[in-house]
Amino acid sequence: MNDNTNFSNVDLYIQALTAQEDNDLLTARHLISQYKLPDQSISAVQGRMLQVFAKACGAKRILELGTFCGYSTLWLAKALPEDGRVVTLEYEEAHAGVARQNFCNTALEHKIEVRTGRAIEIMKDMVQDHEPPFDMIFIDADKPPYLEYFKMAVQLSRKGSIIVCDNVIRAGKILESNTDDAKVLGVQRLNNYLQHCTDVTATILQTVGTKEHDGMLLAVVN
Ligand code: SAH
Ligand code: DHB
Ligand code: MG
């Protein structure tokens with residue numbers, strides 16, 4: 001058995017024990033698979049990890065960058081109390097459309113707000129409009145401006161808020177020192193910034209499993 005099969009099987013083992021998809025999540029995944037989109041949704045086990053963090057910080061208000069078809073949004077919404085809210089930002093109308101369809105199929109619709117547009121512009125407006133702080137922010141939109149997203153996320157946080165960023169290891173390509181891959185360069189810029197950033201206490205969790213080798217940046221705001 002090669003490493004990847006082993007990692008994937010162990011991921012499925014963890015999923016069976018802790019992250020079984022309910023009807024909402026299964027239905028969403030089924031609908032997403034019917035569109036010919038590269039599936040950029042997080043895995044079920046990663047969805048469960050987001051729920052653990054949401055509960056750990058008592059999240060009532062969550063911000064997500066990069067809705068795609070709403071699979072991760074559903075995991076987040078399910079970790080919220082009845083009066084909680086997840087605001088999710090998506091640039092592509094087509095993706096937001098599929099996501100809205102997925103939310104309509106559940107009883108979580110009232111907890112989810114989809115805003116379409118460029119994440120950076122929406123976040124700038126939020127800062128200007130004195131949006132109350134978010135308890136948790138999940139960054140998973142386009143990779144080149146990840147550092148800008150992270151800095152804005154800190155501005156939209158409070159002490160103890162949790163910031164999670166997907167895809168910051170990219171199968172180890174972040175080790176390449178002269179890459180011209182804009183996605184790798186984007187996450188390298190953010191990862192390097194952590195070295196001297198005193199705003200947060202952060203680490204990167206390397207992830208293997210049903211998705212390709214990658215990593216999640218985990219930060220708590222100081
Ligand atoms: N969080 C999702 C996956 C997100 S994939 C999940 O796990 O289910 C990344 C998404 O970011 C894509 O849908 C893409 O259209 C969106 N995106 C790309 N650039 C963006 C931008 N500037 N602002 C907001 N969303 C953007
Ligand atoms: C890409 C984006 C994602 O959010 C992801 O989880 C995987 C890949 C991408 O743009 O390549
Ligand atoms: Mg991602």
Any donor-acceptor pair under 3.5 Å from Q51 side chain to W75 backbone:
yes

Gap between atom CG of L185 and atom NZ of K143 - 0.5 Å precision:
14.5 Å

Can you list the residues that meet the side chain to side chain donor-acceptor pair (under 3.5 Å) rule with E148, with sequence neighbours excluded?
R189

Transitively linked via ILVMFWY side-chain contacts under 4.5 Å: F138 with I163?
no

Same apolar cluster (I L V M F W Y, side chains within < 4.5 Å links), V10/M49:
no

Distance-only donor-acceptor hits, side chain of residues 118-133, under 3.5 Å, sequence neighbours excluded:
residue, atom, partner, partner atom, Å
R118, NH2, Y91, OH, 3.2
E131, OE2, R61, NH2, 3.0

Using modelled atom types and a 3.5 Å cut-off, is there a donor and acceptor pairing between side-chain atoms of D135 and backbone atoms of I162?
no

Within 45° cone of F103 ring axis and under 6.0 Å: K111 NZ or CZ:
no

Main-chain N/O of H30 paired with S33 side-chain donor or acceptor, under 3.5 Å:
yes

Go through the side-chain N and O atoms of D11 and T210 and say whether any donor and acceptor fall under 3.5 Å apart.
yes

Taking only distance into account, with no hydrogens and no angle test, what donor-acceptor pairs under 3.5 Å do side-chain atoms of residues 77-85 form with protein atoms, sequence neighbours excluded?
residue, atom, partner, partner atom, Å
K78, NZ, D22, OD2, 2.7
K78, NZ, D24, OD2, 2.7
E82, OE2, H110, NE2, 2.7
D83, OD2, K60, NZ, 2.9
R85, NE, E113, OE1, 3.2
R85, NH1, H110, O, 3.2
R85, NH2, E113, OE1, 3.4

Is the shortest side-chain heavy-atom distance between I62 and F134 below 4.5 Å?
no

Scan the side chains in residues 174-182 for donor-acceptor partners under 3.5 Å anywhere in the protein, sequence neighbours excluded, and list what turns up.
residue, atom, partner, partner atom, Å
T179, OG1, D181, N, 3.0
D181, OD1, K183, N, 2.8
D181, OD1, V184, N, 3.2

Donor-acceptor pair, D214 side chain versus R170 backbone, under 3.5 Å?
yes

Under the salt bridge (charged side-chain N to carboxylate O under 4.0 Å, His left out) test, which residues partner R100, sequence neighbours left out?
none

Grouping I, L, V, M, F, W and Y whenever their side-chain heavy atoms are under 4.5 Å apart, do V200 and M216 come out in a common cluster?
no

Is the number of heavy atoms from other residues, nucleotides or ligands under 6.0 Å of Q34 CD greater than 12?
yes

Which pairs with one or both residues in residues 33-51 pass salt bridge (charged side-chain N to carboxylate O under 4.0 Å, His left out), sequence neighbours excluded?
none

Side chains of T201 and N222: any donor to acceptor distance under 3.5 Å?
yes

Are the side chain of N192 and the backbone of Q188 linked by a donor-acceptor contact shorter than 3.5 Å?
yes

Do any N or O atoms from the side chain of Y146 and from the backbone of I139 form a donor-acceptor pair under 3.5 angstrom?
yes

ILVMFWY cluster, I169 and F150 together (side-chain gap under 4.5 Å):
yes

Donor-acceptor pair, E90 side chain versus T67 backbone, under 3.5 Å?
yes

